Amino acid sequence: MLRFETPHGTVVPEETKGLKFGHLTTNLAFKLARKLGRKPPELASEIASAIEKDSRVERVQVAGGFVNIFLKKEFLREYLLSLHGKLPEPGWEEERPPIAFDNREGKHNLEFVSANPTGPLNVVNARAAAIGDSLVRIGRFLGYRSDAEYYVNDEGTQIEMLGWAILWRLGYIPEEELPEDAYRGDYVKDIAEAIRDRIPRFEKPDSSIAYTIGKMGSDYILQTQMETLKRFRVRYDRITRESFVRESKYPEEALKNLSDKGLLYFESKDGKRKPFDEFTGLGEPLKKLLDRDFYLKHFEGFALYLETTRFGDDKDRVIIRSNGLPTYFFWDIAYHFYKVERGYDYIVDFLGPDHHGYIGRLRAALSALGFDVSHFHMEIVQQTNLLREGKRVRMSKRKGQLYTMDELLDEVGVDAARFFFLMRSPSAHLDFDMTLASRIGKENPVYYVQYVHARVQSIKEHAAGQGISWSIEDLNLDMTDTDYEREMVRKLLYLEMYLNKAYEKFEPHHLVFYLMELADTFHSFYQNIRVVDPQEPGRTAARIALLEVLRKVIGTGLNLIGVKAPDRM
RNA sequence: GCCCCCGUAGCUCAACUGGAUAGAGCAUCGGAUUUCUAAUCCGAGGGUUGGGGGUUCGAGUCCCUCCGGGGGCGCCA
């Protein structure tokens, strides 16, 4: 990042709104004015005169409290060459990016999608996949150790419900006997068929048979989900199963941590309380609480509560139900404990819109465990509506009429799907216009950006055909000084700023907007300036060199959001 | 009832920890190609940032209030 030292501290300048404001700007004077009790213009001129002495700077301009910085051509050339050297050749969009910037401090965990293994992935899952995967790419590229994680809820009632649904589809039970919460969607037929031959023998279907079959079904579903995600160019570094967490030492550790702090108590539905000491008095290890028979024997009718209200929650939460079964919430606490223990200094969860109310209690539980919640970030990936010909596509879950992620990819393709998901901030409701996304042409922003890459490649080919040779060293800003080109140079300075912004805010759309702006600049340039001119080989070479930097920036940006940068369109 | 999010151009959305003239895309209208790809470009119209009040050098952004929309409030996950 570009920085400047001044008597008022280090300035990390920002982008400008146009070349008339210079290449970079800072409003530091405004910010300091109140604190120091001085006038912004005075401070600005002090900051300006310090920056002016910097060898990279051509001149500065003070406007009110703004200090606008104009950089020297020699420095700009050096910067662009170094940028070019750092960026990989496009074409790695299926893989993890190389580290291009500094090797930064920080090991981060980003968990996203984590859909229940009871059905196909849907459109919100796809959106979360695009967001999470792109951020992991950007994080790695910036030099952080960013890991993508998938959590599988392969235990619990839902698994049994899946099992019942499969039993029904295979004809073992009539529809009337199907539990109310069982999955009735048509997709269960395919799953049933896929595992039919491996179903164990049994006398009469019961809960435990349903559970076993549900497990088989969910394994199969997980596998198909992973295939879909792979098709979407999403990679995971780790898949964690809830069954693994349950068997690990973390549930017990969490109980120990919370009981040591006196945050647990028993309460019955009619409000009778028992202190946690009633358990402690039994002299049994904490693990016993997770043994259902043991729990029922001693605490039947009572649930085990965690005092999350002491940490800002609206009410205390149940972690073991009075039927002896721990809640999802409890296993999730153990899971987060496990993530922390793995040594991440930043943990991010992307949750679906229906988990909105869950954030508060999870944060409260994490504080209860003694973790610094500023190291956790929970982001809601908002709802997505599909539009076709301007009309809502119904995605009702009932009767299995759901529109799946695979269908979306069939209809609009991976590039358009990823790009469209990333055009909006994750927290905004998204209207996904499939008619627009599947159109080929200027109205479709994904082609608009990809076309830049293809056009530059085409120019290079044309130049070669004219016998013009060039190299990146031919970059010469004296020969590329039309307004178009100077504007291009200015915007090329901002790549790293936008990557940082996108990553720090967990909002990849900032990168997408940057790419669209760069593409804009290029297309205007292309329309008005002829690049290849055999009469002026020097200028031609200089222009191609500049476009080559642009091409790599666009190509890298696209690959970081998992979109291809084609050589030809 | 309580809590959270949102309200910006006809539509869908941006706007860096409060900063310069609130920007894009789509849609609408008018132009441009004997050319390195027209999958492009140039131009036009379109806004009291839901209303009102406050904080300050400065508010779409922060505070209060009202209106309107969505979501959450389970011993489900």
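Reminder, nothing fancy here: chain letters follow the sequence lines and each chain counts from 1. All values reported here derive from a predicted model rather than from experimental measurement.
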Visitor: With the side chain of A:Arg34 defined as its heavy atoms from C-beta on, choose the nearest nucleotide among B:C26, B:G58, B:C75.
Guide: B:G58

Visitor: Of all the nucleotides listed (B:A39, B:A77, B:C41), which has the minimum atom distance to the side chain of A:Gln527?
Guide: B:C41

Visitor: So, A:Phe66 versus A:Phe21, ring centres under 6.0 angstrom or not?
Guide: no

Visitor: Starting at the 5' end of RNA chain B, which residue's closest nucleotide do you reach first, A:Gly156 or A:Lys20?
Guide: A:Lys20

Visitor: Touch check for A:Lys17, heavy atoms < 4.0 angstrom, all strands: base, sugar-phosphate only, or nothing?
Guide: sugar-phosphate

Visitor: Assign the ring pair A:Phe432 / A:Phe420 to parallel, tilted or perpendicular, where the plane angle (0 to 90°) is split at 30° and 60°.
Guide: tilted

Visitor: Kindly say whether the aromatic ring centers of A:Tyr514 and A:His510 come within a distance under 6.0 Å.
Guide: no

Visitor: With rounding to whole Å, what would you report as the distance between B:G23 and B:C16 at their P atoms?
Guide: 13 Å

Visitor: Say we look at B:G60 and B:U49: how far apart would their P atoms be, to the nearest angstrom?
Guide: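 Going atom to atom, P in each nucleotide, I get 7 Å.
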
Visitor: Has the side chain of A:Thr16 got a donor or acceptor that lies under 3.5 Å from a partner of the other kind on the base of B:A20?
Guide: no

Visitor: Rounding to an integer number of angstrom, what distance separates B:G70 and B:G50 when you compare their C1' atoms?
Guide: 16 Å

Visitor: Side chain of A:Ala428, heavy atoms from C-beta onward: which of B:C13, B:A32, B:C36 has the nearest atom to it?
Guide: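 Of all the options, the side chain of A:Ala428 is nearest to B:C13.
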
Visitor: A:His355 vs A:Tyr358 aromatic rings, parallel, tilted or perpendicular, using cut-offs 30° and 60°?
Guide: perpendicular

Visitor: Are a donor atom and an acceptor atom from the side chains of A:Asp316 and A:Tyr265 found within less than 3.5 Å of each other?
Guide: yes

Visitor: Using a heavy-atom cut-off of 4.0 Å across all strands, would you classify A:Asp433 as base, sugar-phosphate, or nothing?
Guide: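 Answer is nothing: A:Asp433 stays at 4.0 Å or more from every strand.
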
Visitor: If we take the C1' atom in both B:C67 and B:C29, what is their distance in whole Å?
Guide: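 The answer is 36 Å between these two C1' atoms.
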
Visitor: Of the listed nucleotides (B:C41, B:G18, B:C75), which one gets closest to any side-chain atom of A:Ser322?
Guide: B:C75

Visitor: According to the Watson-Crick and G-U wobble definition with distances under 3.5 Å, which dot-bracket string, read 5' to 3', encodes RNA chain B, using [ ] for crossing pairs and | for pairs with another strand?
Guide: (((((((..((((.....[...)))).(((((.......))))).....(((((..]....))))))))))))....

Visitor: Do side-chain atoms of A:Arg543 reach the backbone of A:Arg530 as a donor and acceptor pair under 3.5 angstrom?
Guide: yes

Visitor: Taking the C1' atom of each, how far is B:U34 from B:G30, in whole Å?
Guide: 24 Å

Visitor: Could you give the distance separating B:G25 and B:U61 at their P atoms, to the nearest angstrom?
Guide: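 About 25 Å, rounded to a whole number of Å.
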
Visitor: Checking all strands, does A:Asn68 fall into the base, sugar-phosphate, or nothing category for heavy-atom contacts under 4.0 angstrom?
Guide: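 Base, at least one base atom sits under 4.0 Å.
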
Visitor: Name the nucleic acid region contacted by A:Arg317, choosing base, sugar-phosphate or nothing; use a 4.0 angstrom heavy-atom cut-off, strictly under.
Guide: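 Answer is nothing: A:Arg317 stays at 4.0 Å or more from every strand.
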
Visitor: Applying a 4.0 Å non-hydrogen cut-off, can you work out what A:Glu267 is touching in the nucleic acid: base, sugar-phosphate, or nothing?
Guide: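 Result for A:Glu267 = base.
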
Visitor: Taking the side chain of A:His355 as heavy atoms from C-beta outward, which of B:A77, B:C13, B:A38 is closest to it?
Guide: B:A77

Visitor: What nucleotide among B:C41, B:G19, B:A15 has an atom nearest to a side-chain atom of A:His510?
Guide: B:A15

Visitor: What integer number of Å spans the P atoms of B:G68 and B:C62?
Guide: 22 Å

Visitor: Can you tell which of B:A14, B:A20, B:C16 lies closest to the side chain of A:Glu14?
Guide: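 Output: B:C16.
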
Visitor: Which part of the nucleic acid, if any, lies within reach of A:Ile544 when heavy atoms closer than 4.0 Å are counted: base, sugar-phosphate only, or nothing?
Guide: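 The residue A:Ile544 makes no contact with any strand.
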
Visitor: Using the C1' atoms only, state how far B:A14 lies from B:A24, rounded to an integer number of Å.
Guide: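 B:A24 and B:A14 have their C1' atoms separated by 7 Å.
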
Visitor: Choose from B:G19, B:C16, B:A77 the nucleotide whose nearest atom is closest to any side-chain atom of A:Asn27.
Guide: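 Closest nucleotide to the A:Asn27 side chain: B:G19.
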
Visitor: Base, sugar-phosphate, or nothing for A:Tyr498, non-hydrogen atoms under 4.0 angstrom?
Guide: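 It contacts nothing in the nucleic acid.
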
Visitor: Taking the six-membered ring for Trp, does A:Phe513 stack with B:A14 (centroid gap under 5.5 Å, planes within less than 30°)?
Guide: no

Visitor: Ignoring the backbone of A:Ala303, work out which of B:C75, B:A15, B:A77 is nearest its side chain.
Guide: B:C75

Visitor: Could A:Lys315 and A:Asp313 be called an ion pair, given the rule that one side-chain N must be under 4.0 Å from one carboxylate O?
Guide: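 No, no charged N to carboxylate O under 4.0 Å.
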
Visitor: Specify whether A:His23 and A:Phe70 have parallel, tilted or perpendicular ring planes, treating 30° as the upper limit for parallel and 60° as the lower limit for perpendicular.
Guide: perpendicular

Visitor: Which of these nucleotides, B:C41, B:C26, B:A20, is closest to any side-chain atom of A:Ser524?
Guide: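 Nearest to the side chain of A:Ser524 among the choices is B:C41.
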
Visitor: Nearest heavy atom decides the nucleotide; on that basis, is A:Lys505 or A:Pro40 closer to the 5' end of RNA chain B?
Guide: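 Final value for this comparison: A:Lys505.
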
Visitor: Examine B:C75: is either OP1 or OP2 under 4.0 Å from a nitrogen or oxygen in the side chain of A:Lys269? Give yes or no.
Guide: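 Indeed not, no polar side-chain atom of A:Lys269 lies that close.
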
Visitor: Please give me the minimum heavy-atom distance between A:Pro179 and A:Met161, naming the atom from each residue.
Guide: CB-SD, 3.7 Å

